[in-house]
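Note sheet for the following structure.
Start at 1 and go down the list; that is how both ligands and their atoms are numbered. Because the structure is predicted, anything quoted here is derived from the model rather than measured.
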Amino acid sequence: MSMVRAALFAAICWCSYSISIFAQNDSLFLAEHLAMGNPNHASANLNTPQNYLLVKRQYVHSYNRLLGIPNWVAWHTDSSWLGALQRSNDFRADSTLPEHWYHVNEKSYRKSGYDRGHMCPSGDRTAGAEDNSATFYMTNMIPQAGNNNQGPWAALEIYCRDLVKAGKEIYIYCGGAGVQGFIDSGRVQVPMLTWKAVLVLDAGTNDLYRVTTSTRTIAVVMPNDNEKIHKSDDWRTFRVSVDSVESLTGYDLFNKLPVKIQTAIEQRVDSE
Ligand code: MN
Ligand code: MN
């Protein structure tokens, strides 16, 4: 082989090597955070910008370019994700979005009256600095009413982390639903409601195969409007079935589970 051809060959090898490393990582992250299923077959396809799959080590989400917010964010939390880090607070545009798309940024919600509301909470990613920082991408945010975000929504986040600290591991999907208005000159939609669905397991391995008809699920739907929700409201009063969230959103949550198991765990309303 000539020098030039050898160099070219090496470059091609390196290239396909890096691509396969990325793909391998992506499939690991998908296997973790979407172990219970991809709710609406989101994919990283530029032809479906309203349901565009973004894969991160810390969480996986379906981004909606037309709405400027995620449709849903999904993540797994076990004790390995929890540490002692403080919030990095580095709200910023998500550099992994396709380059020519509008990038919602740290200033997009300014003076809107809405919080930059995390879907995957900062508090669920406190073991590594990079992991905490990744929760501050604006593609992990929706405009959230303060009474919702800082009230019962935050209380449920804390409740879920307490479950993990007490020996559980959890799978979560959440997002917004309905339209209340737009901010950022019409580029970001403000949802009418926020929803969340949580599946709770004892810490262990082979999670998908350990879900039974009696596995606990917790689902909530909360108004995203300061007039209709108060900071002191108990998150428990917003509980609904996973089925209700599925009707609200049109998504099929936990769709990797056998239908018989989904039927059982999705029709119950948590009462613990
Ligand atoms: Mn929050
Ligand atoms: Mn389902």
Side-chain angles (χ1 to χ4, degrees), residues 34-42 58-59 61-62 69-75 77 86-91 106 109 112-126 132-161 171-176 190-191 193-199 208 211-213 215-224 226 229 231 233 235 238 240-270:
L34 291 187
M36 302 296 156
N38 178 333
N40 60 349
H41 311 291
Q58 299 81 11
Y59 53 94
H61 43 165
S62 159
I69 52 175
N71 296 305
W72 50 261
V73 180
W75 70 101
T77 299
Q86 298 296 307
R87 292 166 64 89
S88 65
N89 272 324
D90 50 345
F91 291 93
E106 61 280 5
Y109 291 23
S112 70
Y114 292 94
D115 288 0
R116 293 174 294 193
H118 284 73
M119 295 293 93
C120 177
S122 159
D124 278 20
R125 295 292 180 259
T126 51
N132 187 260
S133 177
T135 69
F136 287 86
Y137 282 127
M138 291 303 296
T139 52
N140 180 41
M141 309 291 160
I142 66 170
Q144 225 174 331
N147 286 355
N148 171 312
N149 179 41
Q150 301 160 39
W153 189 262
L156 175 56
E157 289 175 342
I158 292 167
Y159 179 82
C160 288
R161 275 196 294 280
Y171 288 86
I172 301 185
Y173 300 102
C174 72
V190 182
L193 302 163
T194 62
W195 59 269
K196 177 173 270 187
V198 186
L199 183 141
L208 184 62
V211 181
T212 70
T213 53
T215 295
R216 184 181 183 195
T217 57
I218 305 166
V220 294
V221 174
M222 297 183 188
N224 191 32
N226 283 331
I229 190 167
K231 271 188 196 163
D233 288 346
W235 67 265
F238 298 100
V240 296
S241 64
V242 173
D243 279 339
S244 305
V245 172
E246 291 188 340
S247 320
L248 175 70
T249 59
Y251 304 146
D252 185 4
L253 305 174
F254 308 115
N255 60 26
K256 275 205 179 167
L257 295 169
V259 169
K260 196 183 134 200
I261 294 181
Q262 284 185 65
T263 303
I265 68 173
E266 293 180 353
Q267 70 187 12
R268 277 197 300 268
V269 178
D270 180 65

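With the Mn ion (ligand 2) as vertex, E266 OE2 and Q262 OE1 subtend 90°, rounded to 10°. Geometry about the Mn ion (ligand 2) gives an angle of 90° between OE2 of E246 and O of L253, rounded in steps of 10 degrees.
When atom types are taken as modelled, the side chain of R116 and the backbone of F91 share no donor-acceptor pair closer than 3.5 angstrom. A donor-acceptor contact shorter than 3.5 Å is absent between the side chain of T126 and the backbone of S122.
Going from atom OH of Y251 over to atom CH2 of W72 covers 8.5 Å, rounded to the nearest 0.5 Å. Note that CD of Q58 is 8.5 Å distant from OG1 of T135, once rounded to the nearest 0.5 Å. Atom CZ of R216 and atom CZ of R268 lie 10.5 Å apart (nearest 0.5 Å).
Partner of N148 under the side-chain hydrogen bond (donor to acceptor under 3.5 Å, both in side chains) criterion, chosen from T194, D115, D233: T194.
The Mn ion (ligand 2) does not have F254 among its coordinating residues (no N/O/S atom, backbone or side chain, under 2.8 Å).
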Using distance only, find each side-chain donor-acceptor pair of residues 252-261 under 3.5 Å and give its atom names and separation, not counting sequence neighbours.
residue, atom, partner, partner atom, Å
N255, ND2, N38, O, 2.9
N255, ND2, D252, O, 3.0

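Annotation: side chain of E266 is not in contact with side chain of T217 (no heavy-atom distance under 4.5 Å).
Within D252, the N/O/S atom positioned nearest the Mn ion (ligand 2) carries the name OD1.
Within a radius of less than 2.8 Å around the Mn ion (ligand 1), the protein N, O or S atoms are N149 OD1.
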